[in-house]
Engineer: 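I have a structure I would like to understand better, so I am pasting it below and will then ask my questions one at a time.
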There are 2 protein chains.
Amino acid sequence: MRPKHNTLTPQELEIMKLVWQRGAATVRDVYETLLERRKIAYTSVMTMMKILETKGYLKKRRQDRAFLYRPAHPQNQVIRGMIREFIDRVFNGSAEPLLVHLVKSRRLRERDLQKIVRMVEESE
Amino acid sequence: MRPKHNTLTPQELEIMKLVWQRGAATVRDVYETLLERRKIAYTSVMTMMKILETKGYLKKRRQDRAFLYRPAHPQNQVIRGMIREFIDRVFNGSAEPLLVHLVKSRRLRERDLQKIVRMVEESE
DNA sequence: TTATTAGTACTAATTAATTCGTATGTCAAG
DNA sequence: CTTGACATACGAATTAATTAGTACTAATAA
């Protein structure tokens, strides 16, 4: 029996990123891209995409002989869910400590922050 | 055989957080705290802490009859590693998109950002 | 002294995640 | 028509993560 909780595992995320990028993809599309990165069987990719469909991350429809898969939800939305889950797990739900880490570890500089804040505000 | 890559799994993180909090802990300490949250066997906790030791996250020494476990690395350092891994996996290594998400999803407000930036800068 | 308690060591069972093989069907080229 | 390419369905093997059982030992309470 397949598990019940619906978080994206690392391998699943890898595939989802490809499908988001293309808008839609067949098993073969994904397979060929993954194959450039590592050894993998065609049917493994098929299984993963089937699982992603049952988990509600992908929708499929027939196109010619093969299935064409599309994302069921926009990337932003899913990624935000992953961020929320990460913050819950690591920081008990509070986002500030994450930012503190980002700044302290020099992954973000002050001017990046300013820029981003301005950007977001302008887009509203 | 135990796996080779040394990232903290969710359950392992849960235990590490307890040990960091206390500075040091026996299996029993951790067991009793976890038991308040869910059903778990004493030996399960023991196994996990042993794994954490072999992975290099905990050090042990005998105290009376039992082992006393201590963190092998400071919490900040390990958490930063987890953040880095998350950013690599989800955003291909770039931190800005993460911040954009945090701000857009209202998990961080502008004044929080300012405050944190000031705080970090003053502490240097 | 004896029985109980509290600990570890070692092994194993279970659940989840990942990968793959085989059977089968359909289409198109020859 | 037959063969090869390519697709899915289904089942299963493998690897990783999590949980637990049993045997044994040392300390201690009765």
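Proteins come first, then strands; the chains are lettered A, B, ... in the order of their sequence lines, and each starts at number 1. Here the structure is a predicted model, which means the values were calculated and not measured.
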Engineer: Could you check whether any side-chain heavy atom of A:M48 comes within less than 4.5 Å of a side-chain heavy atom of A:V30, counting everything from C-beta outward?
Structural biologist: no

Engineer: Side chain of B:M48, heavy atoms from C-beta onward: which of D:dT19, C:dC20, D:dC10 has the nearest atom to it?
Structural biologist: D:dT19

Engineer: Taking the basic N atoms (NZ, or NE/NH1/NH2) and the acidic carboxylate oxygens, is any pair closer than 4.0 Å for A:R28 and A:E32?
Structural biologist: yes

Engineer: Where do B:N76 and A:K104 land on the side chain to side chain donor-acceptor pair (under 3.5 Å) test, with the steps shown first?
Structural biologist: CA-CA 10 Å; B:N76 279 347; A:K104 279 199 176 175; over 6 Å; no

Engineer: Side chain to side chain donor-acceptor pair (under 3.5 Å) between B:T33 and B:R22: does it pass, once the steps are laid out?
Structural biologist: CA-CA 12 Å; B:T33 305; B:R22 295 159 191 261; 2.5 Å; yes

Engineer: OP1, OP2 of C:dA6 versus side-chain N and O of B:Y31: anything below 4.0 Å?
Structural biologist: no

Engineer: Any donor-acceptor pair under 3.5 Å joining the side chain of B:T47 to the base of D:dA20?
Structural biologist: yes

Engineer: I'd like to know if A:R65 reaches the base of D:dC6 with its side chain such that a donor and an acceptor end up less than 3.5 angstrom apart.
Structural biologist: yes

Engineer: So, is B:R62 near the phosphate of C:dG7, with a side-chain N or O under 4.0 Å from OP1 or OP2?
Structural biologist: no

Engineer: If you pin A:K50 and B:S44 to their nearest nucleotides in DNA chain D, which one's is more 5'?
Structural biologist: A:K50

Engineer: Could you give the CD-to-C1' distance, from A:E14 to C:dT19, as a whole number of Å?
Structural biologist: 13 Å

Engineer: Assign each of A:T43 and B:R28 to its nearest nucleotide of DNA chain C by heavy atoms, then name whichever residue's nucleotide is nearer the 5' end.
Structural biologist: B:R28

Engineer: Could you tell me how far apart A:I40 (CD1) and D:dT15 (P) are, to the nearest whole angstrom?
Structural biologist: 14 Å

Engineer: Under 4.0 Å, heavy atoms only, any strand: does B:F67 hit a base, just the sugar-phosphate, or nothing?
Structural biologist: sugar-phosphate

Engineer: Take atom CE of A:M49 and atom P of C:dC20, then tell me their distance rounded to the nearest Å.
Structural biologist: 16 Å

Engineer: So, A:R118 and A:E122, do they make that salt bridge, N to O below 4.0 Å?
Structural biologist: no

Engineer: For A:K60 and D:dT8, is the shortest distance between a side-chain N/O and OP1 or OP2 below 4.0 Å?
Structural biologist: no

Engineer: Using a heavy-atom cut-off of under 4.0 Å over every strand shown, decide if B:T9 touches base, sugar-phosphate, or nothing.
Structural biologist: sugar-phosphate

Engineer: Does A:K39 make a side-chain N or O approach to OP1 or OP2 of C:dC20 shorter than 4.0 Å?
Structural biologist: yes

Engineer: As a test of reading the structure: which of C:dT19, D:dT18, D:dA7 is closest to the side chain of A:Q11, going by heavy atoms?
Structural biologist: C:dT19

